[in-house]
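What follows is one structure encoded as structure tokens, with my remarks underneath.
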2 protein chains.
Amino acid sequence: MTINDIARICGVSKGTVNRALHGKPGINPGTKEKILAAVRENGFRPDYRAKSLATGKSFTIGLLIPNIENQSFAMIGTIIEAEFWKRGYFLNLALSNDDAEKEESYLELFVDRKVDGVIVFPVNRDPTAVERILEKRIPLVLMMNDLPSVETNVVTIDEYGAFLAMTEYLIGLGHRDIAYIDGYKRYTAKYNDHINRERFRGFTDALAKHGLGFDGNHYAEFLPAYYEQKDSSSISGLFSGPNPATAAMCFHDRIAVWLQVRLIRDGFGVPDDVSVTGFDDMAELSDIVPGITTIRNPFAEIAAKTVEMLVGDIENGTMSANKVRLGTELIIRQSAGVPRSNRR
Amino acid sequence: MTINDIARICGVSKGTVNRALHGKPGINPGTKEKILAAVRENGFRPDYRAKSLATGKSFTIGLLIPNIENQSFAMIGTIIEAEFWKRGYFLNLALSNDDAEKEESYLELFVDRKVDGVIVFPVNRDPTAVERILEKRIPLVLMMNDLPSVETNVVTIDEYGAFLAMTEYLIGLGHRDIAYIDGYKRYTAKYNDHINRERFRGFTDALAKHGLGFDGNHYAEFLPAYYEQKDSSSISGLFSGPNPATAAMCFHDRIAVWLQVRLIRDGFGVPDDVSVTGFDDMAELSDIVPGITTIRNPFAEIAAKTVEMLVGDIENGTMSANKVRLGTELIIRQSAGVPRSNRR
DNA sequence: TTGTAGGCGTTATCAC
DNA sequence: GTGATAACGCCTACAA
């Protein structure tokens with residue numbers, strides 16, 4: 001069922017059908033009605049591909065994120081989908097799964113499919129794939145993660161400031177030895193660890209600001225396999241021995257919960273012996289006892305700002321390079337407290 | 001940059017370019033090399049819309065699910081994306097957000113965009129939108145939720161059997177008064193509550209099988225607002241008073257955790273005073289103490305089976321109506337135990 | 001081995 | 001008001 005079929009059925013030309021379909025002026029109300037009736041009866045819908053080919057608009061946005069299993073990405077994705085739905089755009093959701101090559105491929109597919117705009121959380125530290133999009137003058141926003149060398153729109157959160165503030169909060173409580181449990185850094189040449197670096201820099205800068213050093217033995221990277229493991233000694237060892245840490249800043253909430261549960265099981269008090277902090281303020285984990293002291297991200301604002309910037313460029317035909325950095329909020333619960341050594 | 005541009009640059013016709021592009025026989029190796037070089041240098045990529053229009057294939061699958069914030073859907077979506085990526089299909093992920101009208105619209109958009117196949121978790125109890133897809137002979141699989149009147153492929157899990165087994169497990173432990181905390185049922189004319197009904201039916205059938213009745217006062221529907229609420233008396237009231245329930249079967253894990261945390265806070269022992277069970281076996285919640293006794297769904301199999309059925313229909317040009325119902329697994333942890341009245 | 005013409009289903013621009 | 005006709009960018013025949 002094409003526009004030609006409708007034309008034939010109604011005994012008119014496809015030009016006339018087109019006019020009826022789009023409410024264009026210069027058409028007899030009678031024939032218009034007849035055409036619209038035929039359209040309805042036959043369930044005719046214009047072919048998107050042909051339409052897009054002829055108009056040059058695709059009304060499609062490419063959203064490329066690492067995954068949707070992480071609650072943060074799920075929230076962002078949900079909001080972005082809703083925003084574009086409201087505006088009449090169709091979303092192509094692509095998952096890079098932290099795979100730099102897959103990210104490159106998807107970016108090329110976006111070009112093939114002539115998306116009107118692209119939003120990407122880059123996991124690839126090599127900027128060429130993103131630059132190729134820009135060369136084709138397709139509006140783009142980097143979201144949550146940065147590619148510092150690329151001149152384009154960027155919406156990030158202040159990871160540095162968030163970790164700086166959290167560290168100062170712990171220092172203020174009296175902690176002097178704070179362990180740092182980093183998120184998993186995929187050791188591939190291409191992995192973009194910008195976020196890891198920003199958070200860690202906030203952490204160490206806060207320590208330095210207060211005249212504290214960082215004991216490299218108090219650093220650990222949380223490997224995905226730890227979730228499954230029964231044995232947590234590789235990490236809980238940080239909190240005993242000759243020079244134990246009294247607090248642990250975790251890269252995100254899931255790690256914090258994992259750690260907290262195991263510390264308690266191993267006989268540590270939380271926060272009495274060890275303070276634990278997270279990042280993200282995951283809704284699913286908000287019922288945990290003791291509540292995790294964490295950092296809440298402005299997901300709704302990130303999504304809104306990202307969409308606003310992208311739609312602006314699309315509708316104005318511009319390629320701007322706005323940088324937006326959004327602030328976070330410290331959520332104080334019970335998992336962090338005054339260290340035992342500081343109480344009497 | 002189109003195929004014509006490449007043809008002009010190389011001084012050949014677009015027919016020849018096409019041959020080079022697709023490795024077709026009957027082309028001079030020299031000119032082929034020259035063309036491929038020009039393609040590379042100019043970053044030429046064929047326009048998906050034109051290609052699809054000409055070939056009739058779109059290599060696109062429409063996946064329509066309620067949301068991605070629910071961990072179950074996120075997992076399913078992730079696996080399906082990976083499966084189609086492997087097979088060279090591009091996924092169009094659409095979120096109905098439990099909105100029957102939005103689901104209808106997306107289904108129509110899938111038709112417009114000429115997807116090769118559709119996977120849908122129907123939230124709309126009205127089957128007409130799905131039937132329209134079928135009329136156009138677009139292969140389709142209903143996933144996780146059913147539309148009993150429609151003759152098509154269906155992959156579901158045995159919700160009925162899962163709740164029947166869990167109920168029998170609780171009865172076996174000695175429980176006689178089991179509360180049922182249902183998931184939120186949107187009271188719209190169109191909402192498809194098939195899953196709610198299947199689970200509840202499994203629950204009541206198990207009770208009946210063991211000569212037990214169900215006290216309607218022990219039923220509660222969990223409203224989304226409860227997550228935010230400080231006051232949990234509306235539900236924890238089920239476990240006190242003249243005829244208290246000794247166990248609670250929850251529609252899913254998040255409700256179970258919510259309930260468990262509040263019961264403990266209100267002075268109940270879990271499982272000593274009240275046993276609590278969930279559904280889904282959410283990874284994020286696996287560290288909770290006491291561990292939630294729950295039901296694990298075969299998400300990987302659901303996704304694999306769904307993809308397999310859809311790809312089969314697409315590649316054979318068939319429209320089959322296979323029904324697959326997958327079994328679940330009871331995961332016994334510590335949140336459910338022998339009721340106090342049964343111990344000495 | 002290569003070029004040409006026609007078609008895929010629209011929209012847009014002319015005449016009539 | 002309406003009907004041809006040429007795009008859009010690709011693929012497939014068929015002809016040379």
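Numbered from 1 within each chain, the chains take letters A, B, ... in sequence-line order.
Taking atom NZ on A:Lys51 and atom P on D:dG9, their separation rounds to 18 Å, with Å as the unit. With rounding to whole Å, B:His22 atom NE2 is found 7 Å from D:dT12 atom P. Between the CD atom of A:Glu33 and the P atom of D:dG1 there is a distance of 16 Å, rounded to whole Å. Computed from coordinates, the A:Met1 CE to C:dT10 C1' distance equals 16 Å when rounded to whole Å. If you take CZ of B:Arg113 and C1' of C:dT10, they are 15 Å apart, rounded to a whole angstrom. Whole-Å rounding puts the A:Ile3 CD1 to D:dG3 P distance at 13 Å. Distance A:Arg45 CZ to C:dT11 P: 13 Å, rounded to the nearest Å. Between A:Asp47 atom CG and D:dC10 atom P the separation is 16 Å, expressed in whole Å.
Here the side chain of A:Asn28 is nearest to one of D:dG3, D:dT2, C:dT10, namely D:dT2.
Cation-pi geometry between B:Lys51 and B:Tyr48 is not met at under 6.0 angstrom from the ring centre and within 45 degrees of the axis. Cation-pi geometry between A:Arg113 and B:Phe90 is satisfied (NZ or CZ under 6.0 Å from the ring centre, within 45° of the ring normal).
DNA chain C is contacted by both B:Pro25 and B:Ala54; B:Pro25 maps to the nucleotide lying nearer its 5′ end (nearest heavy atom per residue). Nearer to the 5' terminus of DNA chain C, by closest-nucleotide assignment, is the contact made by B:Arg19 (compared with the other of A:Leu53 and B:Arg19).
Here B:Lys305 pairs with B:Glu308 in a salt bridge; the nearest charged N to carboxylate O distance falls below 4.0 Å. A salt bridge links B:Glu101 to B:Lys190: one of the charged nitrogens lies within less than 4.0 Å of a carboxylate oxygen.
Here B:Phe44 lies in heavy-atom contact (under 4.0 Å) with sugar-phosphate atoms only. Across all strands, A:Arg49 comes closer than 4.0 Å to no nucleic acid atom at all (heavy-atom distances).
Distances shorter than 4.0 Å separate some side-chain N or O of B:Thr16 from OP1 or OP2 on C:dG3. At the phosphate of C:dT2, neither OP1 nor OP2 sits under 4.0 Å from any side-chain N or O atom of B:Ser13. Distances shorter than 4.0 Å separate some side-chain N or O of B:Thr31 from OP1 or OP2 on C:dT2. Between A:Lys24 and C:dA12, a side-chain N or O to OP1/OP2 separation shorter than 4.0 Å is present. Between B:Asn18 and D:dC11 there is a side-chain N or O to OP1 or OP2 distance below 4.0 Å.
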(message) Test side-chain contact (heavy atoms from CB on, under 4.5 Å) on A:Leu64 and A:Val118; report intermediate values, then the result.
(response) CA-CA 8 Å; A:Leu64 178 48; A:Val118 172; 5.6 Å; no

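Residue B:Lys14 places no side-chain atom within donor-acceptor reach of the base of C:dT4, judged by atom type and a 3.5 Å distance cut-off alone.
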